[in-house]
2 protein chains.
Amino acid sequence: MSANHPTIKEIALRLNVSISTVSRALHDHPRIGIKTKERVKELAREMKYEPNAQAIFFKQQKTAVIGVVLPSIKEEFFSQAISGIEAAATQYDYTILFGQSHDDPAIEKRVIESMKRQRVDGIIISLSKNTNKISYLKEIETAGIPIVFFDRVPDQPDVHKVYCDIYKSTIDMVNWLYSRGYRKIAMINGPANLTASRERLEGYKQALSQKKMKVDMRYFETTDLTKEGTTTAMKKLLSLKNGPTAVISFNDYVHMDATQYAHMQGININKDIAFVSYSNLSITDYTAFPPLLSVEQYPYGQGEQAMETIIRAMKGEHEKDFFYHEEVPTTLVIHGTNHIR
Amino acid sequence: MSANHPTIKEIALRLNVSISTVSRALHDHPRIGIKTKERVKELAREMKYEPNAQAIFFKQQKTAVIGVVLPSIKEEFFSQAISGIEAAATQYDYTILFGQSHDDPAIEKRVIESMKRQRVDGIIISLSKNTNKISYLKEIETAGIPIVFFDRVPDQPDVHKVYCDIYKSTIDMVNWLYSRGYRKIAMINGPANLTASRERLEGYKQALSQKKMKVDMRYFETTDLTKEGTTTAMKKLLSLKNGPTAVISFNDYVHMDATQYAHMQGININKDIAFVSYSNLSITDYTAFPPLLSVEQYPYGQGEQAMETIIRAMKGEHEKDFFYHEEVPTTLVIHGTNHIR
DNA sequence: TATTGCTGTGCAATCGTTTGCGCATCAATC
DNA sequence: GATTGATGCGCAAACGATTGCACAGCAATA
């Protein structure tokens, strides 16, 4: 069952010419006679010859393979992102070596090392949410494999990264709520160590202070993103004397847990309390309680952008200490009007 | 920015020994002196030498890479499946070259050809729903790259495949409904050309006739899996004089569209009409109208099984005309009791 | 002393392809 | 008739690692 691919050597043998002649004939080298070219091409077709990409890339010290490491493809955001990456990759004749970290830094490292051994030409990664040391990644970059971070990117400036401005989206979101008359705006944020959480919190504070509202930390809760964590957070918000009239959830998954609990507590979702969120999952319109508003982060576009950025990084045309920081825009998507209930 | 990996050649040069000595020392060859081994290993560590997997596999005419082609990773079924594939791959020291067909046979073929050029050691594929010619895949297999189909598999017996018994699941499902007193059981099936659809239909017919019920084709509709197709099908069912008391949907996505429409028509979901389905999406419990019952097809397990099967196929220990047909079990998962509404 | 066997190492081929260089052959030019 | 230039093709090295074979040096044996 071992692969039996024809080689230029066999073609050369059958045609009684040298290997180099076959190679050049197939590449339409000007110095090869036209009859020879035709004989070679004819036989190549007949034998279903296909160049051995492995051999070529081995010689050229490239692989035309990009490693892609994502936390979990079960999240719609990442499954969309990889589609964008793949689409762009196909366009540039690259293929995708795929791995998930499942938000475990140890697995993440193992996957990366394996990709390094495979000699991928570059790596696109969205960090596991528990990763805080990326020094080994910098080493890999120094060893000659460029890395582009996307969405879950490190704070530091000396990396290539593609991300969207959650800080700004959050301000937009609060402003939207404000313009609809909501004043008691709560937030169920993610773990404090995440950049994503920090951006949300800062945007939240900034927006409130722009509106001359004081930041009431009773309205600010966090969740570890588990159902239990979110339920606890929501419970606290609901127990407040002067409870919130609007709740911003970390993302649509948190939103679903929060609204599920609130509903069970007799809250009329989006009537008694307005719920808004991030991610804009496609499943949203089928859920029992869609958010009034969700921030669309265009994972597909981020994926495409990440691929284009790594290609530029691989070309290495940039200055030695230049790093790409690509910001992709977001949009507020309104759902509330046509939801099922 | 080109990769600069140390090679055994450089180690040999620095140590004034031959390349072969370095290679053997690193592999603990018995004929290499102990001091030499230590000197070599020491320097290798120091230089952060890592064997060039590309070179090794090139020489061995292998890649340790498995191509995985899925219709669309946005479907939870496939995103779970690839996790299973990846987990098993990691265990056996294989990596995953990934591609989506987006249910387009032309793209599917392009992806496969590209993987062939990359000389993957094997291919795991779940067919695009529009694919009907797999002859070119048989050719690739003949050329020496084993192929394992999973979930969306061809009918023919002369292929390796991993799948679950939807025929049997459907019978179980109808029996479950029957035991709950439902007698007017409708089905919204998928496109007739899909094996998956045929199995559902046959199971449906078989179950009904086992219960001495006649198959009423007024209760049988199909959808092209678009929202419109499903809505039309549901509309027809609702317009019947003696309408169904239960509806079996092709999968949870169809189920969501069907129930969304039925709800808008004033049907009390799972009270007026019972809805059951296939896939058992994790999102189900957050949706407005979860199915009473959904068939769990264990995509993760199917993925693992597919990986194990391709590894066996690559070993080629089987008889020349033997093909693996691995059936993985399904389960009926009950939701109705704790759904939100 | 000659043979045998062991230890430690190097040579060179191999995988498939590309490519710089060189060598013919032939026609055209001076 | 010698030089030049174009044409057509082959040789061999290179990419990184593995491995069968050979060989030198040395000790033990006959």
Side-chain angles (χ1 to χ4, degrees), chain A residues 2-41 43-44 47-65 116-121 143-145, chain B residues 2-41 43-44 47-65 116-121 143-145:
Chain A
S2 75
N4 186 23
H5 305 281
T7 67
I8 52 172
K9 192 176 181 180
E10 297 170 41
I11 298 181
L13 223 60
R14 297 249 297 248
L15 254 38
N16 241 332
V17 295
S18 76
I19 292 178
S20 19
T21 300
V22 174
S23 173
R24 281 191 259 252
L26 290 172
H27 287 83
D28 268 325
H29 192 283
R31 298 284 286 276
I32 298 295
I34 193 136
K35 302 149 298 156
T36 313
K37 275 185 190 169
E38 274 168 9
R39 286 203 307 150
V40 169
K41 287 183 181 173
L43 184 58
M47 295 175 69
K48 294 187 181 173
Y49 167 77
E50 276 193 3
N52 185 332
Q54 253 222 314
I56 296 170
F57 292 138
F58 166 60
K59 186 170 163 51
Q60 298 177 344
Q61 301 287 78
K62 310 196 314 171
T63 52
V65 173
K116 185 189 170 195
R117 252 171 292 144
Q118 287 274 352
R119 297 288 196 271
V120 294
D121 288 344
I145 302 179
Chain B
S2 73
N4 186 24
H5 306 281
T7 67
I8 52 171
K9 192 176 180 179
E10 295 170 42
I11 298 181
L13 223 60
R14 299 249 295 248
L15 254 38
N16 241 331
V17 294
S18 77
I19 293 177
S20 18
T21 300
V22 174
S23 173
R24 279 190 262 254
L26 291 172
H27 286 82
D28 266 326
H29 191 283
R31 299 281 288 274
I32 299 295
I34 193 133
K35 302 149 297 155
T36 312
K37 276 184 191 170
E38 274 169 9
R39 284 203 307 150
V40 169
K41 287 184 182 174
L43 184 58
M47 295 175 72
K48 294 187 184 174
Y49 166 78
E50 277 193 4
N52 184 332
Q54 254 222 318
I56 295 171
F57 292 138
F58 167 58
K59 183 169 164 51
Q60 299 178 341
Q61 301 287 80
K62 309 196 312 172
T63 52
V65 173
K116 185 189 171 194
R117 252 171 291 139
Q118 288 273 354
R119 298 286 195 272
V120 294
D121 288 343
I145 302 179

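Letters A, B, ... mirror the listed sequences (proteins, then strands); counts begin at 1.
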- Atom-to-atom span, NZ of B/Lys35 to C1' of C/dT7 - whole angstrom: 10 Å
- Task: Quick one: label B/Ile56 by what it contacts on the DNA or RNA (base, sugar-phosphate, nothing), any heavy atom closer than 4.0 Å.
- Result: sugar-phosphate
- Message: Suppose we screen for side chain to side chain contact (heavy atoms under 4.5 Å, CB included). Which residues come up paired with A/Ala53, at least two apart in sequence or across chains?
- Response: A/Phe57
- Does OP1 or OP2 of C/dT18 have a side-chain N or O of A/His27 closer than 4.0 Å? yes
- Task: For the helix from C/dT1-D/dA30 to C/dC30-D/dG1, measure the angle between the helix axis at one end and the axis at the other, each built from five pairs, rounding to 10°.
- Result: 80°
- Task: Using a heavy-atom cut-off of under 4.0 Å over every strand shown, decide if B/Tyr49 touches base, sugar-phosphate, or nothing.
- Result: sugar-phosphate
- Message: Output the rounded distance in Å from CD (A/Glu50) to C1' (C/dT17).
- Response: 15 Å
- Item | Side-chain N,O (B/Ser23) to OP1/OP2 (D/dA17) below 4.0 Å | no
- Query: Where is the tightest heavy-atom contact between A/Leu26 and A/Ala44, given as atom of each residue plus distance?
  - Reply: CD2-CB, 3.9 Å
- Task: Summarise protein proximity over nucleotides 21-28 of chain C in one line of letters, 5' to 3': B for base, S for sugar-phosphate only, - for none, counting protein heavy atoms closer than 4.0 Å.
- Result: --------
- When all nucleic acid strands are considered with a 4.0 Å heavy-atom cut-off, which category describes B/Ile8: base, sugar-phosphate, or nothing? base
- Among all residues two or more places apart in sequence or in another chain, which pass the side-chain hydrogen bond (donor to acceptor under 3.5 Å, both in side chains) test with A/Asp121? A/Thr63
Sequence neighbours excluded and cut-off under 3.5 Å, please list the side-chain donor-acceptor pairs for residues 8-15 of chain B, or say none.
none

- Message: Does anything in residues 23-36 of chain A form a side chain to side chain donor-acceptor pair (under 3.5 Å)? List the pairs, not counting sequence neighbours.
- Response: A/Asp28-A/Lys41
Below 3.5 Å is the cut-off: list the nitrogen or oxygen pairs between protein and nucleotides 13-15 of chain D, distance only.
| from | atom 1 | to | atom 2 | distance (Å) |
| --- | --- | --- | --- | --- |
| D/dA14 | N3 | A/Lys59 | NZ | 3.1 |
| D/dC15 | OP2 | B/Lys9 | NZ | 3.3 |
| D/dC15 | O3' | A/Gln61 | NE2 | 3.3 |

- Near DNA chain D, under 4.0 Å by heavy atom, which residues of residues 12-20 of chain B? B/Ile19, B/Ser20
- How would you list, by chain and number, every residue that makes a side-chain hydrogen bond (donor to acceptor under 3.5 Å, both in side chains) with A/Thr7, sequence neighbours excluded? none
